[in-house]
Amino acid sequence: MNHGTAEMTGCRERVLRARRGWLALDWRELWEYRELFLFLAWRDILVRYKQTYIGVAWAALQPLLMMVILTFIFRTLGKFPSPGTAPYEVVVFAGLMPWQFFSNALTECSGSLVASERMITKVYFPRLIIPASAVLSGGVDFLIAALILGAMMLGFGLDWHWQLLLLPLFFGAAVVAALAVGLWASALNVRYRDVKYVVPFIVRMGLYVSPVGFVSSAVPEQWRFWYNLNPMVGVIDGFRWCVLGPAFEPYWPGFSVSMLVVLVLLVSGAMYFRQMERTFADVI
Amino acid sequence: MSQSKAIISVSGLGKRYRLGGALAHDTLRDHVTHLAGRLWRRTPRSAPAELWALREVSFEVGAGEVLGIIGRNGAGKSTLLKVLSQITEPTEGEVRVRGRLASLLEVGTGFHPELTGRENIYLNGAILGMNKAEIRRKFDEIVAFAEVEEFLDTPVKRYSSGMYVRLAFAVAAHLEPEILLVDEVLAVGDAAFQEKCLGKMREVTHGGGRTVLFVSHNMAAVQALCGRALWLNRGRVMGLGPVEELVARYLEDMRQRHDGQAELGLALGPSLVLQRVALDPNPVVSGQEARFEVVLEAREPARLTDFQLLIYSALGVRVAMLDLRQINGHGYMLEAGQKLVLNGGIRRLPLVEGDYRVGVFYSYQGHYADVLDVLTWHVAAAAPTDGRVPYKPAYRGLVVLEHEVEARVTS
């Protein structure tokens with residue numbers, strides 16, 4: 001389906017033939033289909049909250065419960081250190097927010113193409129829209145968690161720092177990180193169906209390997225390099241810095257490594273996706 | 001046909017699917033073990049089997065033309081529409097399209113059961129390619145066509161199947177592209193609604209100056225709506241020309257093909273193969289007893305919940321269904337390699353003489369489809385039982401009713 005405008009009848013000719021080699025992203029086409037992208041994201045969010053009385057409450061309850069458990073394990077039992085004066089609970093929650101968004105986005109993303117099998121085999125639209133809208137489906141949960149975080153900060157009497165203004169930037173980074181891994185996962189899952197078993201495992205491991213229950217500065221020097229290869233390290237560190245101020249300033253070299261990994265995954269993921277896109281309808 | 005340059009121009013189009021070999025593995029684990037096997041145990045590289053769904057297809061469609069696409073199952077009709085819709089890429093050849101194109105390959109694409117009718121109209125409209133303003137403009141018309149005013153705000157999962165399908169078709173029917181590709185979506189709803197749909201299609205094709213490509217097994221609809229027809233068989237073009245001529249050639253070909261049974265090897269979804277459908281006798285005399293046999297083979301384990309033999313008239317009207325589902329309702333459980341043989345009889349075949357087209361419907365584990373034109377059943381006229389000369393088959397309809405009559409003249 002081509003959204004040409006009405007007056008372009010006859011002027012716009014499309015040629016369909018076998019394509020070889022690497023394909024660049026068709027930005028103009030993605031822009032044309034932006035409404036469909038928003039519709040799909042709207043649909044995903046609507047469906048999450050429909051028919052569940054507990055739906056919205058769960059969005060608040062889940063991070064709170066996780067925070068309590070992680071605080072208990074890492075601070076009380078493990079005696080992990082934390083810089084600054086902020087209570088450990090808030091430190092954990094600030095890390096939990098982007099992590100929950102990422103893990104939800106990755107989980108939704110990886111199955112998104114296969115779940116949309118009927119659409120993919122019956123209608124044309126740039127397939128990139130599907131994992132992209134799946135990533136955004138956790139947006140409302142994120143906002144709810146943000147409100148809770150705000151309440152916690154007021155409740156504990158914490159200072160507000162100018163870095164808070166940078167929060168949208170790091171949220172953007174979380175979106176990009178989720179998309180980067182999600183593109184790989186969703187495209188691979190179309191061809192190799194056991195990928196959907198690998199993703200929950202990665203998510204579970206990721207919770208402990210990412211600075212959610214602990215702070216990055218607690219990681220010993222000799223593991224630092226490998227630790228920073230985790231794409232979420234940079235995002236979560238940045239988040240903490242925005243919310244809790246200068247005491248949590250990220251270790252910038254490590255941060256850069258992490259962000260670089262995100263970029264590499266994003267570009268390679270987009271390329272792989274475009275390559276495989278041609279055969280989705282045939283293989284799915 | 002207009003004099004201007006063709007709206008759609010197809011030349012040398014081919015589409016190949018590869019089956020088996022390295023491409024059959026759809027888990028990473030299988031793929032890795034296969035590669036390991038190739039490396040260490042030197043298992044020979046198996047040449048993947050190839051299937052050309054389309055081969056050397058060339059034709060042109062002029063602006064405002066309505067082209068019917070006919071052919072048996074597996075002829076490549078749906079693949080052709082998929083290529084034109086950019087859902088799948090050609091393997092060779094080229095297609096040129098001028099204008100805004102929308103495809104109707106299925107009704108209700110993207111409908112979500114949890115969303116209300118109203119929400120689904122917007123969602124489905126967006127998926128089919130309408131923008132929000134357009135949907136809002138046509139909203140009332142769509143609702144009126146579907147006759148679902150009172151149910152707009154209930155979740156679609158509570159709709160009856162008839163309502164669901166009416167709503168889905170209503171949205172699709174209000175698409176206004178320059179080029180419309182339609183794949184067999186007319187067979188939805190009850191007879192009254194089908195009439196409405198046909199009427200809408202007529203309006204769309206004749207009123208709008210739109211170019212339409214219409215795939216159907218319903219020869220009556222094809223003849224009613226189309227000016228020319230393209231006949232495909234096994235991926236190749238068998239003919240292109242005026243619709244009456246092509247339909248006649250196609251039906252003639254159907255008649256000559258089968259002598260009552262088909263050894264098929266026809267794939268039904270990913271796991272089942274239809275090996276054999278036999279109707280005995282063929283030709284059968286109207287009113288006579290007949291027997292049927294169907295053999296299915298499972299390539300992978302499958303739970304076959306639905307299976308029917310469908311009988312259609314020559315023009316594609318569904319006349320009867322033999323419901324071959326398992327009696328206790330649990331479906332037939334088939335392991336890989338097992339065969340299902342369905343054997344039965346029809347007591348007195350109440351069909352008027354003529355040629356009937358036999359197809360199947362199957363459903364298992366989310367894979368379902370109608371497979372039409374599996375074979376042709378010839379029904380011959382029964383010898384008259386009294387001195388009256390029977391009317392022509394066209395007057396007698398499709399069904400013979402056993403009846404007796406007593407006549408009295410009174411004053």
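Below, chains carry the letters A, B, ... as their sequence lines are ordered, and counting in each starts from 1. Not measured: the values here are computed from a predicted model.
To the nearest 0.5 Å, atoms CH2 (A:Trp42) and CG (B:Leu123) are separated by 6.5 Å. Rounded to the nearest 0.5 angstrom, A:Lys122 NZ and B:Asp183 CG are separated by 6.5 Å. For the atom pair A:Phe125 CZ and B:Leu128 CG, the distance stands at 11.0 Å (nearest 0.5 Å). Note that CG of B:Leu105 is 12.0 Å distant from CZ of A:Arg118, once rounded to the nearest 0.5 Å. We find the CD1-OH distance between B:Ile87 and A:Tyr124 to be 10.0 Å, quoted to the nearest 0.5 Å.
Atom OH of A:Tyr272 has more than 12 neighbouring heavy atoms from other residues, nucleotides or ligands inside a 6.0 Å radius.
Under the 4.5 Å side-chain criterion, counting only non-hydrogen atoms from C-beta, A:Arg14 is in contact with B:Leu101. Between B:Leu115 and A:Val47 there is a side-chain heavy-atom pair separated by less than 4.5 Å.
Using a 4.5 Å cut-off between heavy atoms, B:Leu84 contacts chain A through its backbone alone, with no side-chain atom that close. Contact annotation for B:Glu119: both backbone and side-chain heavy atoms come within less than 4.5 Å of a heavy atom of chain A. Both the backbone and the side chain of B:Lys132 come within less than 4.5 Å of a heavy atom of chain A. Neither the backbone nor the side chain of B:Val10 comes within contact range of chain A, judged by heavy atoms closer than 4.5 Å. Using a 4.5 Å cut-off between heavy atoms, B:Thr79 does not touch chain A at all.
Note: A:Leu16 leads A:Leu16, A:Leu40, A:Val15 in heavy-atom pairs under 4.5 Å with chain B. Contact count versus chain B (heavy atoms, under 4.5 Å) is highest, among A:Arg127, A:Met119, A:Arg43, A:Arg19, for A:Arg19.
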B:Arg16 and A:Asp282: salt bridge (charged side-chain N to carboxylate O under 4.0 Å, His left out), yes or no, with the steps? CA-CA 10 Å; B:Arg16 176 185 55 200; A:Asp282 301 335; over 6 Å; no

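For the pair A:Ala18 and B:Pro90, the tightest heavy-atom approach, listed with the atom from each and the gap, is CB-O, 3.2 Å.
Evaluated for a side chain to side chain donor-acceptor pair (under 3.5 Å) with A:Arg17, the options B:Glu94, B:Glu89, B:Glu92 yield exactly one hit, B:Glu94.
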